[in-house]
Amino acid sequence: MKFLDEAKIFVKSGDGGGGCTSFRREKYIEFGGPNGGDGGRGGDVIIQGAHGLNTLIDFRYAQHFKAKRGEHGRGSDMFGAAAKPLIIKVPVGTVVLGEDKEQVICDITEEGQEFVICKGGDGGFGNARFKTSTNRAPRRSDPGWPGEEMWVWLRLKLIADVGLAGLPNAGKSTFLSVVSRAKPKIADYPFTTLHPNLGVVYSRGEEFVIADIPGLIEGASEGHGLGTRFLGHVERCGALLHLVDGTSDSYLEDYKVIRAELEAYGEGLDTKPSVLALNKIDALVEEEATERQAELEALSGQKVHLLSGISQDGVKEVLATLLDHILDGREEEQEELESEQGPQGYSPI
């Protein structure tokens, strides 16, 4: 299945049904009076987070979504039926933006979460509504109210526990293929990965999700390449694994480039818990790997792990460190949730 993380669609809720102008006409009944019913309400358009979806590819082939209109009112005081809502299922992690790509309409972060993006129009009143003591035979009925319509952008931001960051060809896809059953494309040239890949990792009896984000380049935060779209997938990650190619002649500069792009992009990426690893040490002699590790630690001010996806050296240690960050983050989220809910049994007014 092809990965698609952005799509533009048109949505329109249903129009309300028109009210009816009708009079009761039965034999032997004089002055039967008005009995026109109201129209039914138009259908809403609802965005719903669905299980099993991880791409917006369906919206490449269907861009227009229109809910049905409500039924018209009829005589004998029969109201029109309301139309059923139109439910648009999207992957969890989808952000719905306005046509300007600036206004955030809703953010679907949980399975089953729903948001009414367009409300259906109300049904029009039938003439029975306008009967008064002085107007016994009104001939007025209203048409239904029109529904809402708009163009919106759907942008998918992957929900993963760990995001892999690094320049192209830093070994991110190889690492993901080693620690999970994911099968990303791997080759010896840059920009092999053109879309994010997800893999489920098991460590110390726990499981978490790692997202392989395509390689960033200098200027990605300003939109160079596909940087801003790729960086968007890292926003929801609880921790980052920053891989630096240990065989690169400019490995210190490579580290600076990625850190600068994370800080320039904002959204808290530069403050996320991160694990720094010098990758591809299988291609280095031990003394050279240790020397480069010390230089990178002095530059970054944090511990640098030695890692090799090919020989799997240091893989278990890196996964254990990532898991510690993830568990700490989950505990903090749980504490925040409990503090918001208040003591058990307490219901704030």
Side-chain angles (χ1 to χ4, degrees), residues 1-20 37-74 79-125 142-160 194-198 211 223 226 228-233 235-236:
M1 179 184 294
K2 188 172 181 180
F3 184 87
L4 186 70
D5 60 357
E6 191 172 77
K8 186 179 183 181
I9 63 173
F10 175 81
V11 292
K12 183 183 185 306
S13 58
D15 299 334
C20 175
D38 298 344
R41 193 170 185 275
D44 297 333
V45 178
I46 299 175
I47 300 290
Q48 181 187 80
H51 172 72
L53 297 180
N54 54 15
T55 175
L56 299 175
I57 189 64
D58 293 339
F59 300 101
R60 169 164 289 183
Y61 309 105
Q63 291 93 22
H64 293 77
F65 298 87
K66 298 180 181 180
K68 292 184 178 181
R69 70 174 302 154
E71 291 187 4
H72 297 308
R74 287 174 284 180
F79 286 20
K84 293 182 178 180
L86 173 63
I87 298 178
I88 302 176
K89 295 185 178 182
V90 298
V92 175
T94 300
V95 180
V96 182
L97 305 172
E99 191 173 6
D100 59 358
K101 286 190 175 183
E102 297 293 335
Q103 176 191 6
V104 177
I105 299 175
C106 67
D107 190 356
I108 306 298
T109 58
E110 298 178 0
E111 183 180 331
Q113 180 183 347
E114 294 184 347
F115 183 85
V116 179
I117 189 172
C118 286
K119 293 184 179 181
D122 292 329
F125 287 162
D142 293 342
W145 288 89
E148 302 174 341
E149 62 180 55
M150 66 177 73
W151 284 92
V152 297
W153 284 93
L154 304 179
R155 180 175 294 170
L156 176 60
K157 296 180 180 180
L158 296 178
I159 296 182
L194 296 178
H195 57 80
N197 294 297
L198 293 176
L226 295 175
T228 52
R229 286 176 60 179
F230 291 159
L231 283 168
H233 292 292
E235 288 182 28
R236 303 182 189 275

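Note that the coordinates shown come from a computational prediction; the quantities given were computed from them, not determined experimentally. Below, all heavy atoms of this structure are taken into account, side chains as well, without hydrogens, waters or symmetry copies.
With sequence neighbours left out, the ring-ring contact (aromatic ring centres under 6.0 Å, His included) criterion links F115 to no other residue. Judged as a salt bridge (charged side-chain N to carboxylate O under 4.0 Å, His left out), and not counting sequence neighbours, E111 has no contacts. The side chain to side chain donor-acceptor pair (under 3.5 Å) test applied to Q103 returns no partner, not counting sequence neighbours. In terms of the salt bridge (charged side-chain N to carboxylate O under 4.0 Å, His left out) criterion, R69 has no residue partners (sequence neighbours excluded). Partners of F65 according to the ring-ring contact (aromatic ring centres under 6.0 Å, His included) rule, which considers only residues two or more places apart in sequence or in another chain, are F59. In this structure, K66 has no salt bridge (charged side-chain N to carboxylate O under 4.0 Å, His left out) partners at least two apart in sequence or on a different chain. Every residue two or more places apart in sequence or in another chain that forms a side-chain contact (heavy atoms from CB on, under 4.5 Å) with C20 is listed here: S22. Applying the side chain to side chain donor-acceptor pair (under 3.5 Å) rule to E110 yields no partners; only residues at least two apart in sequence or on another chain are considered. Evaluation of the side chain to side chain donor-acceptor pair (under 3.5 Å) rule for K12 yields D15 as partners, not counting sequence neighbours. Residues meeting the ring-ring contact (aromatic ring centres under 6.0 Å, His included) test with H51, sequence neighbours left out: none.
Across every non-hydrogen atom of G42 and A83, the tightest pair is C-CB, 4.1 Å. Shortest non-hydrogen contact noted between R41 and D122 is NE-OD1, 3.4 Å.
A distance-only check finds a donor-acceptor pair linking the side chain of S13 to the backbone of K119 [under 3.5 Å]. Counting only distance, with no hydrogens or angles, the side chain of D44 and the backbone of G120 share a donor-acceptor pair below 3.5 Å. No donor-acceptor distance shorter than 3.5 angstrom exists from the side chain of Q113 to the backbone of A50, with no hydrogens or angles considered.
Atom CD1 in I105 sits 9.5 Å away from atom CG in L154 (nearest 0.5 Å). For the atom pair I108 CD1 and Q48 CD, the distance stands at 9.0 Å (nearest 0.5 Å). Distance check: K101 NZ to W153 CH2 gives 4.0 Å after rounding to the nearest 0.5 Å.
Using the six-membered ring where Trp is involved, H64 and F10 have ring planes that are tilted, between 30° and 60° apart.
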- prompt: Passes side-chain contact (heavy atoms from CB on, under 4.5 Å), E149 versus C118? Steps please.
  reply: CA-CA 7 Å; E149 62 180 55; C118 286; 5.9 Å; no

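The closest side-chain heavy-atom distance from V11 to I9 is below 4.5 Å.
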Between side-chain atoms of residues 84-97 and protein atoms elsewhere (two or more places apart, or another chain), which donor-acceptor pairs fall under 3.5 Å?
from: T94; atom 1: OG1; to: P91; atom 2: O; distance (Å): 2.7

